[in-house]
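One structure is given here, and the rest of the page talks about it.
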Amino acid sequence: MWKVVASFLVLVVLVVGLSAVSSRLWGGKPEGAPEAKELKLNESMTVGQFARANGLPPRMLKKVFGLDSPDDKLKQVSSFGMTADQVRAKVRQMLVLQAEHGSKNWIKIVVKFALWAVFLGVVFVMMRKGKVTASNRKWLLLAAVVVFGVILGSDPSPMGTIKDAVVLFGSERVIFPPRLIAFAVFLLLVILGNKFICSWGCQLGTLQDAIFRLNRDKKDGKGVLKQYKVPFVVSNTVRIIFFASLTIVAFIWATDIVHPIDPFKVFKPQHLGIAGAVFAGLILIASLFVYRPWCHFFCPFGLFGWVAEKLSVFKIHVDYDKCTACGACEKACPSTVMGAILKRDRIIPDCFSCGSCAETCPVGAVAFKSGRRTLPPEGKFGATGGGERRK
């Protein structure tokens, strides 16, 4: 027990401490939309006067007013068929997009996506060959935490592509195109390899997973301290309610409910407030006992990823001709998903392609491969065997 506690404390202190150093080396950038300011505008103003009074660049004027020539700057703002409120709203949207673009470290983002491609490719090959084992799984997870979290920071992340898009559109009615591109890439990774970006690329997901594995025996089969498998109906219901609350609050009150408690800020700890530090601490402590609590209970991308993984090309399969119904894979699985995949008697929860099931199976009946999952033969697992066909 004390070894688990000590390992947990050392890991968290190192992650937070080194992340603080790393984020300062990268340099601080403003976060989020700019503070709303009252634009100076009256009916007699020309476009040029309006621009000078508010410090607006020519490119923004062209987008707002659709200017065709330099002479258009001499026209009154009111001559473009927009009310003062409409002009203010359009300018505000342009300023928000400008601030979003300026808040990103594009060099770091390109490097991060390139390293994701390499690292996920390596792990994918290892999963296909059944080479992800108890002896190297922790090291793979820790490598992901260090590279994609400690060194490359909290942004971008799969969660941010959903959460920030919802908040930005809800509060400002604008869409930041690069964020949609990142979301599409992450979703493609979910579909190609079952939830692979969450499994092996997400900095917070891999940190939770690594902490969970600290509290496991040498075979990575069960917890040193008791670990719990929360029923999927409970965790997914909470996740749906949380996402609905995030969306409603963003659209009605233009507020981001995740921002004050965002656990990804453990990789940018100087932005953690008291509420954020407490919440992140609880999530990390809970990770010792429950598999990936943020992912299962709160993560917006986790919810979308769970739906998208039904289309996954590569995923965990069971060869029922080999399977002896011993249940070893279900016991070794850190969540309830392997039981659902094995028996097909209920909705399949999130599968994070960790490989524990394949490694544990004594007859090699479990594998990470492409194709459609088959149903177990009738009576294979007693009264529970052979459920409805589900992807």
Side-chain angles (χ1 to χ4, degrees), residues 1-19 22 115-116 118-152 157-158 193-229 263-264 266-267 280-281 283-296 316 328-329 331-335 337-338 350-361 366 368:
M1 181 185 70
W2 293 112
K3 184 179 178 181
V4 170
V5 173
S7 299
F8 168 77
L9 292 174
V10 169
L11 177 59
V12 172
V13 169
L14 285 175
V15 166
V16 174
L18 293 175
S19 295
S22 176
L115 290 176
W116 262 325
V118 173
F119 184 78
L120 295 181
V122 170
V123 178
F124 177 81
V125 172
M126 292 177 68
M127 282 289 296
R128 290 282 292 119
K129 294 183 177 181
K131 299 296 185 182
V132 176
T133 65
S135 61
N136 62 31
R137 186 178 292 110
K138 290 178 183 177
W139 294 108
L140 289 170
L141 290 167
L142 288 172
V145 171
V146 171
V147 174
F148 303 118
V150 174
I151 296 175
L152 294 174
S157 70
N194 202 107
K195 211 130 187 191
F196 234 61
I197 184 61
C198 301
S199 314
W200 299 101
C202 174
Q203 51 272 57
L204 183 63
T206 50
L207 176 59
Q208 293 172 93
D209 207 323
I211 290 172
F212 184 85
R213 306 288 172 177
L214 291 177
N215 185 23
R216 302 279 271 186
D217 60 20
K218 290 183 178 180
K219 293 183 179 180
D220 200 6
K222 64 178 182 179
V224 176
L225 303 174
K226 186 173 177 59
Q227 294 179 318
Y228 302 88
K229 297 182 181 184
F264 280 82
V266 297
F267 300 107
I283 288 292
L284 297 183
I285 292 171
S287 297
L288 285 168
F289 308 100
V290 177
Y291 189 58
R292 291 177 175 245
W294 170 262
C295 308
H296 281 110
I316 293 296
C329 58
K331 292 176 184 176
C333 178
S335 72
V337 64
M338 193 57 211
D350 305 63
C351 175
F352 289 92
S353 300
C354 69
S356 294
C357 52
E359 178 192 7
T360 307
C361 180
V366 182
F368 182 75

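In what follows, every heavy atom counts, from backbone to side chain, and hydrogens, waters and symmetry copies are set aside.
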* Anything under 30° is parallel, anything over 60° is perpendicular, the rest tilted; go ahead and classify Phe196 against Phe124. =>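 Perpendicular.
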Task: Val150 vs Leu14 side-chain heavy atoms within contact, under 4.5 Å - done: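 They are not in contact (no side-chain heavy atoms under 4.5 Å apart), so the answer is no.
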Taking atom [atom1] of [X] and atom [atom2] of [Y], what is their separation to the nearest 0.5 Å?
X      : Y      : atom1 : atom2 : value
Leu140 : Cys354 : CG    : SG    : 12.0 Å
Leu9   : Leu284 : CG    : CG    : 11.0 Å
Thr133 : Lys219 : OG1   : NZ    : 13.5 Å
Leu207 : Ser287 : CG    : OG    : 7.0 Å
Lys3   : Leu214 : NZ    : CG    : 10.0 Å
Lys226 : Phe289 : NZ    : CZ    : 12.0 Å

[X] side chain to [Y] backbone, donor-acceptor under 3.5 Å:
X      : Y      : answer
Asn194 : Cys351 : yes
Ser199 : Lys195 : yes
Gln203 : Phe267 : no
Thr360 : Ala328 : no
Asn215 : Leu225 : yes
Lys229 : Cys333 : yes
Arg216 : Pro334 : no
Trp200 : Phe119 : no
Glu359 : Ala134 : yes

- Task: Under the side-chain contact (heavy atoms from CB on, under 4.5 Å) rule, what do Val145 and Leu141 come out as? Steps first, then yes or no, please.
- Result: CA-CA 6 Å; Val145 171; Leu141 290 167; 5.5 Å; no
Review point. Can you name the closest pair of heavy atoms from Arg137 and Asp220 and give their distance?
Key: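 Where Arg137 meets Asp220 most closely, the heavy atoms are NH1-OD2, 2.7 Å.
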I need the single residue from Phe8, Phe352, Tyr291 that forms a ring-ring contact (aromatic ring centres under 6.0 Å, His included) with Phe212. Which is it?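 So, applying the ring-ring contact (aromatic ring centres under 6.0 Å, His included) to Phe212 and each of Phe8, Phe352, Tyr291, only Tyr291 qualifies.
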